[in-house]
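Read the structure below first, then the notes.
Keep in mind that this is a model prediction, so the values were computed, not measured. In listed order, ligands and their atoms are each counted from 1.
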Amino acid sequence: MNSQKSKADSIIFRRPELKDASGIHNLIKRSPPLDVNSLYCYLLLCDHFRNTCIVAEKDRKVIGFIAAYLPPTKLDTLFVWQVVVAKPLRNRSLATKMLNKLLQSTPVLYIETTVTPSNDASMRFFRAFAHAREATLLSAAGYARDLFGKNSHEEELLLRLGPFDGGNQTIKGDIL
Ligand SMILES: CC(C)(COP(=O)(O)OP(=O)(O)OC[C@H]1O[C@@H](n2cnc3c(N)ncnc32)[C@H](O)[C@@H]1OP(=O)(O)O)[C@@H](O)C(=O)NCCC(=O)NCCS
């Protein structure tokens, strides 16, 4: 896999490696309202799921990450678990670039994700992404609040974006 460096902003987009797990974990910790999973969870993502995840790196630091995988029962769908960009680098289309690159390297028909209704940035991000790719965005019940037990956790709405044309659209930027 070739990592790609944009000379304009010196940001490298690449597959995560085991050594990235700690940096990803720290980035997630600094990025509410995301759930902070264990470091072990990020190690697994960087190991078993690295082909469907992406890291953005600047000055040797992880400044962006998308955790995603192909659900075993839905291989035409990329499930996007967490999207994060370091606060000082937000609103520069970095998350959009990462997701476009993932879609290019993992050609699927659909993207699914879950969002908490109060996460406006997340809702708007996926709405804008669907709009830019001329895809439909459907929302449905995902994981109800009571499934989270006694933890105070909002419900998670399921978003389904697509259909994409299996990665054949022309996207600005390079494939991973
Ligand atoms: C959500 C997040 C990943 C967006 O990253 P980003 O690199 O700033 O996103 P982009 O610049 O690619 O934004 C693309 C579109 O998303 C929408 N968007 C992104 N952040 C937004 C925000 N804070 N409020 C409202 N809309 C937002 C905008 O519509 C934007 O399109 P525009 O630039 O044409 O207006 C980033 O804000 C983040 O890490 N937030 C904390 C973690 C989190 O909530 N993650 C869930 C993400 S799905």
>> Quick check: Asn91 and ligand 1, any N/O pair under 3.5 Å apart?
In response: yes
> Any idea which protein heavy atom is nearest atom 45 (N) of ligand 1, and the distance to it?
Replying inline: Val83 O, 2.8 Å
>> Looking at every non-hydrogen atom in both residues, tell me the closest pair between His25 and Leu39 and how far apart they are.
In response: NE2-N, 3.7 Å
> Is there a protein heavy atom at a distance of less than 4.0 Å from atom 39 (O) of ligand 1?
Replying inline: yes
>> Within the 4.0 Å heavy-atom shell around Ala128, which atoms of ligand 1 are there?
In response: 15 (C), 29 (O)
> Heavy-atom contacts under 4.0 Å between Asn119 and ligand 1: side chain, backbone, both, or neither?
Replying inline: side chain
> Is the shortest distance from atom 34 (O) of ligand 1 to a protein heavy atom below 4.0 Å?
Replying inline: no
>> Just to verify, what does Phe148 make a ring pair (Phe, Tyr, Trp, His ring centres under 6.0 Å) with, not counting sequence neighbours?
In response: His153
> Between Ser122 and ligand 1, is there a nitrogen or oxygen pair with a distance under 3.5 Å?
Replying inline: no
>> Give the atom numbers and elements of ligand 1 that come within less than 4.0 Å of a heavy atom of Val84.
In response: 39 (O)
> Would Tyr42 end up clustered with Phe49 when hydrophobic side chains under 4.5 Å apart are linked, directly or stepwise?
Replying inline: yes
> Do Ile11 and Val62 belong to the same hydrophobic cluster, where Ile, Leu, Val, Met, Phe, Trp and Tyr are linked whenever their side-chain heavy atoms lie under 4.5 Å apart, directly or via other members?
Replying inline: no
>> Is it the case that the side chain of Thr106 and the backbone of Leu103 share a donor-acceptor pair, with hydrogens and angles ignored and the cut-off at 3.5 Å?
In response: no
>> Looking at every non-hydrogen atom in both residues, tell me the closest pair between Glu156 and Thr116 and how far apart they are.
In response: OE2-CG2, 3.4 Å
>> Geometry only, no angles: is Val85 polar-contacting ligand 1 at N/O separations under 3.5 Å?
In response: yes
> Is atom OH of Tyr143 surrounded by more than 12 heavy atoms (other residues, nucleotides or ligands) closer than 6.0 Å?
Replying inline: no
>> Below 4.0 angstrom, counting only protein heavy atoms, does anything approach atom 21 (C) of ligand 1?
In response: yes
>> For atom 6 (P) of ligand 1, is there a protein heavy atom at a distance under 4.0 Å?
In response: yes
> Any ion pair linking Glu155 and Arg145 (charged N to carboxylate O, less than 4.0 Å)?
Replying inline: no
> What protein heavy atom is closest to atom 16 (O) of ligand 1, reported as residue, atom name and distance in Å?
Replying inline: Phe125 CA, 3.2 Å
> Where do Asn37 and Trp81 land on the side chain to side chain contact (heavy atoms under 4.5 Å, CB included) test, with the steps shown first?
Replying inline: CA-CA 11 Å; Asn37 299 296; Trp81 182 2; 3.7 Å; yes
>> Taking 4.0 Å as the limit for heavy-atom contacts, which would you say applies to Phe126 with ligand 1: side chain only, backbone only, both, or neither?
In response: side chain
>> I'd like to know whether NZ of Lys87 has more than 12 heavy-atom contacts from other residues, nucleotides or ligands below 6.0 angstrom.
In response: no
>> Quick test: of every protein heavy atom, which one is nearest to atom 14 (C) of ligand 1, and how far off is it to 0.1 Å?
In response: Thr96 OG1, 3.3 Å
> Can we say Arg50 and Asp20 salt-bridge, meaning some charged N sits less than 4.0 Å from an Asp/Glu carboxylate O?
Replying inline: no
> Hey, is ligand 1 close enough to Leu89 that some N/O pair sits below 3.5 Å?
Replying inline: no
> What residue and heavy atom of the protein are closest to atom 25 (C) of ligand 1, and at what distance?
Replying inline: Arg124 CD, 3.2 Å
> What protein heavy atom sits nearest atom 11 (O) of ligand 1, and how far off is it?
Replying inline: Ser93 N, 2.8 Å
> What protein heavy atom is closest to atom 2 (C) of ligand 1, reported as residue, atom name and distance in Å?
Replying inline: Ala95 CB, 4.6 Å
> How does Arg92 reach ligand 1, if at all, at less than 4.0 Å between non-hydrogen atoms: by side chain, backbone, both, or neither?
Replying inline: backbone
> Is there a donor-acceptor pair closer than 3.5 Å between any side-chain N or O of Gln82 and the backbone N or O of Leu34?
Replying inline: no
>> Within the protein, is there a heavy atom lying under 4.0 Å from atom 48 (S) of ligand 1?
In response: yes
> Out of His131, Arg133, Arg127, which one pairs with Phe129 under the side-chain contact (heavy atoms from CB on, under 4.5 Å) rule?
Replying inline: Arg133
>> Please give me the minimum heavy-atom distance between Val55 and Pro16, naming the atom from each residue.
In response: CG2-CB, 3.7 Å
> Identify the closest protein heavy atom to atom 37 (O) of ligand 1: which residue and atom is it, and at what distance?
Replying inline: Arg90 CD, 3.2 Å
> What is the nearest protein non-hydrogen atom to atom 18 (N) of ligand 1, stated with its residue, atom name and distance?
Replying inline: Ala121 O, 4.1 Å
>> Need the ligand 1 atom indices (1-based, order shown) with element for anything under 4.0 Å from a heavy-atom of Pro33.
In response: 44 (O)
>> Give the atom numbers and elements of ligand 1 that come within less than 4.0 Å of a heavy atom of Leu34.
In response: 42 (C), 43 (C), 45 (N), 46 (C)
>> Between Thr52 (side chain only) and Ala68 (backbone N and O only), is there a donor and an acceptor less than 3.5 Å apart?
In response: yes
> Which of the atoms in ligand 1, numbered in the order shown and given with their element, are less than 4.0 Å from a heavy-atom of Leu94?
Replying inline: 7 (O), 12 (O)
